[in-house]
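Just so it is clear, the values below take in all heavy atoms, side chains as well, and ignore hydrogens, waters and symmetry mates.
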Amino acid sequence: MHGNEDKEITRHLSFSATSRPGASVGAVLRYSTASPYEVTATFTSPADGSVVTWSFARELLFDGLFVATGCGDVSVRPAPQDADVIHLELRSDHGHAVLSTPVSDVAEFLAETHRVVAPGDESLWFNFDQELHRLVETG
């Protein structure tokens with residue numbers, strides 16, 4: 001385990017709402033070695049400035065660069081008509097959105113995360129005892 005060497009990678013992206021041509025949504029993708037299996041995406045609504053954060057597996061985002069993946073609240077897939085675009089589909093009780101962004105932006109972000117924690121090495125950064133203690137403490 002790598003202990004207290006927490007590193008964070010952040011990338012600002014712009015997503016287009018596929019249901020509203022021309023509408024864009026700002027987002028920040030974050031990766032932290034403190035949660036090596038996870039990526040968070042924080043979206044800011046251009047209409048009212050409200051913020052929504054989603055967390056999902058880094059591997060899901062990577063696999064979605066090449067094939068459709070995910071069957072729950074988050075799915076990722078290449079755009080069917082444009083190999084340079086990726087779709088991120090988000091579902092919740094409050095709504096559904098399909099957002100698109102250039103594959104190159106997501107691929108660059110993921111490459112940066114892979115330089116810090118190689119795929120398959122996440123367990124070297126994950127402190128199971130610490131996470132268990134945090135879960136027990138917060139109930």
Side-chain angles (χ1 to χ4, degrees):
M1 190 177 71
H2 288 271
N4 294 329
E5 303 172 32
D6 186 28
K7 297 176 184 168
E8 186 173 288
I9 296 164
T10 303
R11 175 71 56 113
H12 295 265
L13 298 177
S14 180
F15 283 81
S16 299
T18 60
S19 63
R20 292 180 165 188
S24 67
V25 178
V28 177
L29 292 182
R30 274 195 183 79
Y31 177 79
S32 172
T33 57
S35 295
Y37 294 99
E38 160 185 287
V39 168
T40 61
T42 302
F43 299 94
T44 304
S45 168
D48 62 8
S50 61
V51 174
V52 177
T53 299
W54 286 76
S55 296
F56 44 89
R58 176 175 73 156
E59 184 176 17
L60 176 87
L61 189 59
F62 179 77
D63 289 349
L65 295 175
F66 308 101
V67 297
T69 187
C71 60
D73 295 340
V74 178
S75 62
V76 185
R77 65 185 177 276
Q81 305 301 324
D82 188 347
D84 294 330
V85 173
I86 190 170
H87 288 314
L88 176 64
E89 187 168 2
L90 306 169
R91 292 181 192 85
S92 77
D93 293 339
H94 303 290
H96 171 253
V98 179
L99 304 170
S100 62
T101 198
V103 168
S104 59
D105 291 347
V106 176
E108 288 170 13
F109 168 77
L110 287 168
E112 204 172 337
T113 73
H114 290 165
R115 282 191 289 276
V116 174
V117 177
D121 285 351
E122 294 90 351
S123 64
L124 300 174
W125 291 82
F126 187 77
N127 185 332
F128 181 79
D129 292 334
Q130 180 181 355
E131 289 300 312
L132 181 61
H133 178 73
R134 184 181 63 81
L135 289 170
V136 169
E137 291 297 312
T138 58

I'd like to know whether L88 forms a side-chain contact (heavy atoms from CB on, under 4.5 Å) with T101, so could you lay out the CA-CA distance, the side-chain angles of the two residues, the decisive distance to 0.1 Å, and finally the verdict.
CA-CA 8 Å; L88 176 64; T101 198; over 6 Å; no
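- In this structure, F109 has no ring-ring contact (aromatic ring centres under 6.0 Å, His included) partners at least two apart in sequence or on a different chain.
- Annotation: salt bridge (Lys or Arg N to Asp or Glu O under 4.0 Å) contacts involving residues 63-73, sequence neighbours excluded, are absent.
- A continuous path of Ile, Leu, Val, Met, Phe, Trp and Tyr side chains, each step under 4.5 Å between heavy atoms, connects V25 with L90, placing both in one hydrophobic cluster.
- In this structure, the salt bridge (Lys or Arg N to Asp or Glu O under 4.0 Å) partners of E108, at least two apart in sequence or on a different chain, are R11.
- L60 and T69 get closest at one heavy-atom pair: O-CG2, 3.3 Å.
- Between L29 and D105, the closest side-chain pair of non-hydrogen atoms is not below 4.5 Å.
- Taking each heavy atom of S55 and E38 in turn, the nearest pair found is CB-OE1, 3.8 Å.
- Among pairs with a residue in residues 43-52, none fulfils salt bridge (Lys or Arg N to Asp or Glu O under 4.0 Å), at least two apart in sequence or across chains.
- For the pair H94 and V52, the minimum side-chain heavy-atom distance is 4.5 Å or more.
- When every heavy atom of S100 is checked against every heavy atom of V85, the shortest pair comes out as CB-CG1, 3.6 Å.
- Within a 6.0 Å sphere centred on CD of E122, heavy atoms belonging to other residues, nucleotides or ligands number more than 12.
- Transitive grouping of hydrophobic side chains (ILVMFWY, heavy atoms separated by less than 4.5 Å) brings L65 and L13 into a common cluster.
- The shortest non-hydrogen separation linking T44 to G49 is CG2-O, 3.9 Å.
- Under a hydrophobic-cluster definition in which Ile, Leu, Val, Met, Phe, Trp and Tyr are linked whenever side-chain heavy atoms come within less than 4.5 Å, directly or via other members, W54 and F15 are assigned to the same cluster.
- With hydrogens and angles ignored, the 3.5 Å screen pairs a side-chain donor or acceptor of Y31 with a backbone N or O of P36.
- When only modelled atom types and interatomic distance are considered, T53 and T42 share a side-chain donor-acceptor pair under 3.5 Å.
- In plain terms, the two heavy atoms of L110 and T113 that are nearest each other are O-OG1, 2.7 Å.
- Closest approach of A68 to P78, counting heavy atoms only: N-CD, 4.0 Å.
- The salt bridge (Lys or Arg N to Asp or Glu O under 4.0 Å) pairs that include a residue from residues 83-94 are R77-E89, E89-R91, where partners are two or more places apart or lie in different chains.
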List the steps, then state whether side-chain contact (heavy atoms from CB on, under 4.5 Å) holds for F43 with S50.
CA-CA 8 Å; F43 299 94; S50 61; over 6 Å; no
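- Hydrophobic clustering places F66 together with V74 (ILVMFWY residues linked when any side-chain heavy atoms are closer than 4.5 Å, directly or through intermediates).
- I9 and L124 end up in the same hydrophobic cluster when Ile, Leu, Val, Met, Phe, Trp and Tyr side chains are linked at under 4.5 Å.
- The ring-ring contact (aromatic ring centres under 6.0 Å, His included) test applied to H114 returns F62, not counting sequence neighbours.
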